[in-house]
Amino acid sequence: MNVLIAGSRAERLPRTVWWLVLARAINRLGAFSVGFLTVLITTEFGVSAVAAGVVSAAFGLATIPSRLVGGVLADRLGRRRTIVAGLAGCALAQAGLAVSGSVAMAAVFAVLLGLVFEVYEPPSQAMIADAVRPERQAQAFSLFNTALAVGGMGAGLIAAGLGRWDLRWLFVADAVSCLLCAVVIRLVLPADRPAPATSRVSGTGSAWRDRRLLVLLLSGTLFAVIFMQVGMAMPLVLVARGLEAADAGLLSAVAAVVMVLCQPLLRWTAALSHHTAMTCGYLLLAAGLAGYAVSDGLPGHLAATVVWSAGDVLMFGRSYAVVVDLAPPHARGRYLSVFGTCWGFATVLAPLCGTQLLERAGPEGLWGVLALTCLLLAAAQLTMIKPMLERQGRTL
């Protein structure tokens, strides 16, 4: 985090961005409890793993409309109000899970948690877009994403401690972290400005009718499916290769460190267009995934992690900056929320695709197919997506 602070002085990003980054890191420290929802239900209430999986699936499905609601509220209610409301809702749902006395009660609060879980994201991203000049937005979005990785490192340590004591305390800790974030946001971020008159008459579905956004949603979903394989399939791959599944945690920590260290390097690529930078990012992702395909030991996996993590830093912020460029100022929250649903879709698709590829083609086939997909996305970014966005933009 010291590296991040040092980078902020050099980059001179607005203070609003840094408060949002800090709040996201704090909130991520508590978001570890969701991964233990199934364990809590099976151990506390004695139900089957299948029944617990249904509850977890209901939570996952509820997160998709959650992000869309966050986008609409961000444009109509205001950025800060929506962030505070979403975090307060998360705190309430987490506290409810902590005190649940039955499976039915836990299921209700799990669905409630899903419905508010992503409300925080669109208004935070829209607030960054409002506060940062267009040429600096890619860097700000990349930093916002890095806060998630940094918070995740600390989250694992907290989960390891509290989880051994009592699983319910994980949800208590998450509720507290959400409340802390809500207080920070309410006290330090600028108040919401009155919404422009155009935002009151614009239809909530206007973002879905923008073909340019739908093109980005398709490519973003493919990227999200690829990205999530690293977390979902990696433990299985490591075991298949005779390594420890726990080594996936080490790889995750290395990825977070690389994302932090690469932040100052974004100044070197600032002159690149968004599409050129994203193409380079896809190429680095392809190289890293290809490295996974040919590696059979931990050192090779570590080296490949460094490569793809650098690619993620290069392209992640750019993708959101492209969406902001497309969005009318009064509809930024909705555009960002629609694009963000790519992660919800990927949550459903990634386990299905990854397990099928791993079973049928083995680790080499899994990473090889994903690397090839990244190469196709890199080619499509410059030869298809960029010309399509420019052509349709001129006709609007």
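Just so we're clear, the structure is a prediction, and the values are computed from it rather than from any experiment.
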Item to check | Note: Arg332-Asp75 ion pair, threshold 4.0 Å (strictly below) | outcome: no
Checklist entry - Salt bridge check: are Asp296 and Arg241 linked by an N-O gap of less than 4.0 Å? => result no
Item to check | Cluster check Ile64, Leu73: I/L/V/M/F/W/Y, side chain < 4.5 angstrom | outcome: no
Checklist entry - Met228 and Met259: same hydrophobic cluster, using ILVMFWY side-chain contacts below 4.5 Å? => result yes
Checklist entry - Could you give the distance from CG (Leu189) to CD1 (Ile83), rounded to the nearest 0.5 Å? => result 6.5 Å
If you measure only the distance, is there a donor-acceptor pair under 3.5 Å linking the side chains of [X] and [Y]?
X	Y	value
Gln263	Thr146	yes
Thr279	Thr276	no
Arg360	Gln356	yes
Tyr292	Thr305	yes

Item to check | Pair Ser309-Val254, side-chain contact (heavy atoms from CB on, under 4.5 Å): steps then yes or no | outcome: CA-CA 9 Å; Ser309 299; Val254 169; over 6 Å; no
Item to check | Pair Leu13-Arg136, side-chain contact (heavy atoms from CB on, under 4.5 Å): steps then yes or no | outcome: CA-CA 8 Å; Leu13 288 171; Arg136 308 294 297 281; 4.1 Å; yes
Checklist entry - Is Ser142 reaching over with its side chain to a backbone N or O of Gly317, donor-acceptor style, under 3.5 angstrom? => result no
Checklist entry - Is there a donor-acceptor pair closer than 3.5 Å between any side-chain N or O of Arg186 and the backbone N or O of Arg81? => result no
Checklist entry - Between Leu314 and Tyr282, is any pair of side-chain heavy atoms under 4.5 Å apart? => result no
Checklist entry - Does some side-chain heavy atom of Pro122 sit less than 4.5 Å from a side-chain heavy atom of Arg67? => result yes
Next on the checklist: Arg318 vs Thr269, test: side-chain contact (heavy atoms from CB on, under 4.5 Å). Steps then yes/no.
Outcome noted: CA-CA 11 Å; Arg318 299 284 189 156; Thr269 61; 4.1 Å; yes
Checklist entry - Can you say whether the rings of Tyr120 and Phe144 are parallel (under 30°), tilted (30 to 60°) or perpendicular (over 60°)? => result parallel
Next on the checklist: Ring centroids only, cut at 6.0 angstrom: are Phe141 and Phe316 within range, meaning strictly under it?
Outcome noted: no
Next on the checklist: Would Leu216 and Leu389 count as a side-chain contact (heavy atoms from CB on, under 4.5 Å) here? Give the steps.
Outcome noted: CA-CA 9 Å; Leu216 295 178; Leu389 296 183; 3.9 Å; yes
